[in-house]
Amino acid sequence: MGTSEELRRITMTPAARRALAAAGRLFYDRGIHAVGVDLIAAEAGVTKKTLYDRFGSKEQIVVEYLADRDERWRAFLAERLDAAPSAPRARVRAVFDASRAWMSDNGSKGCSMVNAHAEISDPAHPAHPAHPAHAVITGQKQWTLDLFTRLARDVEGLGPDAADRLGRTLMLLHEGALVAHGLKVFPDPVAHARDEAEALLAEATER
């Protein structure tokens, strides 16, 4: 997962999977705070007692929702990276194209991690948020940065410091595009960010 080793996960039963599917739809569409366990139970066709027996708390449902979404995204991206040519520029393009396809099918409101972070952040303790799902969010974003940094380090002739800087810039383009997609400020921001990323890689390759 790339998250804290202390992150607790549960074993999924059929009832838990139904509840998680319902919670995932509701949390993403309406927001975490706006959705209560009664609604999740009703949508999943389970009792509230069953939901608490399986997950223990609403916080754990949020953990499972974000972790499940992260795992599905990584599997989705892995398929596309496996099919991409080995050149760094092609692989970076594959990441953005995968995000574009994913957001088209699964992300009408933007990035689920960013949206959740806005809801679960603790203003009183910003450095140490109490919500256990915070580890899922930061782990996913650190994984994204590591991915872009690895791809940047594959650019021939680019020194380590320059590659790390490029990796951070690629991540910023990617994450900004996901936010812009949810805000719908202008059309197809992920494609725009992909083109800008390719231009940066072309410039780095020509040095």
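All values below come from the heavy atoms of this structure, side chains included, with hydrogens, waters and symmetry mates left out.
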Inset, instruction - Say whether, by atom type as modelled, one donor and one acceptor occur between the side chain of E119 and the main chain of I32 under 3.5 angstrom. - result: yes
Inset, instruction - Check A16 against M12 and note the closest heavy-atom contact, atom names and distance. - result: CB-SD, 3.7 Å
Legend entry - Ionic contact status for E64 with R17, cut-off 4.0 Å: no
Legend entry - Any donor-acceptor pair under 3.5 Å from Q140 side chain to M113 backbone: no
Legend entry - Basic-acidic side-chain contact under 4.0 Å: R80, D97: no
Inset, instruction - May I ask you to check whether Q142 and D146 show a side-chain donor-acceptor distance below 3.5 Å? - result: yes
Inset, instruction - Could you tell me whether R69 sits above the aromatic face of Y28, with NZ or CZ closer than 6.0 angstrom to the six-membered ring centre and within 45 degrees of the axis? - result: yes
Inset, instruction - Answer yes if the side chains of H174 and S99 hold a donor-acceptor pair under 3.5 Å, and no otherwise. - result: yes
Legend entry - Ring geometry between F186 and H192 (parallel below 30°, tilted from 30 to 60°, perpendicular above 60°): perpendicular
Legend entry - Polar contact flag, side-chain donor to acceptor under 3.5 angstrom, R168-T149: no
Legend entry - NZ/NE/NH1/NH2 to OD/OE distance under 4.0 Å, R150 and D154: no
Legend entry - Ionic contact status for D164 with R153, cut-off 4.0 Å: yes
Legend entry - Flag, side chain of K48 to backbone of I40, donor-acceptor distance under 3.5 Å: no
Legend entry - Main-chain N/O of V35 paired with K58 side-chain donor or acceptor, under 3.5 Å: yes
Inset, instruction - Check each of E156, E203, E198 against R89 using the salt bridge (charged side-chain N to carboxylate O under 4.0 Å, His left out) test, and report the only one that passes. - result: E198
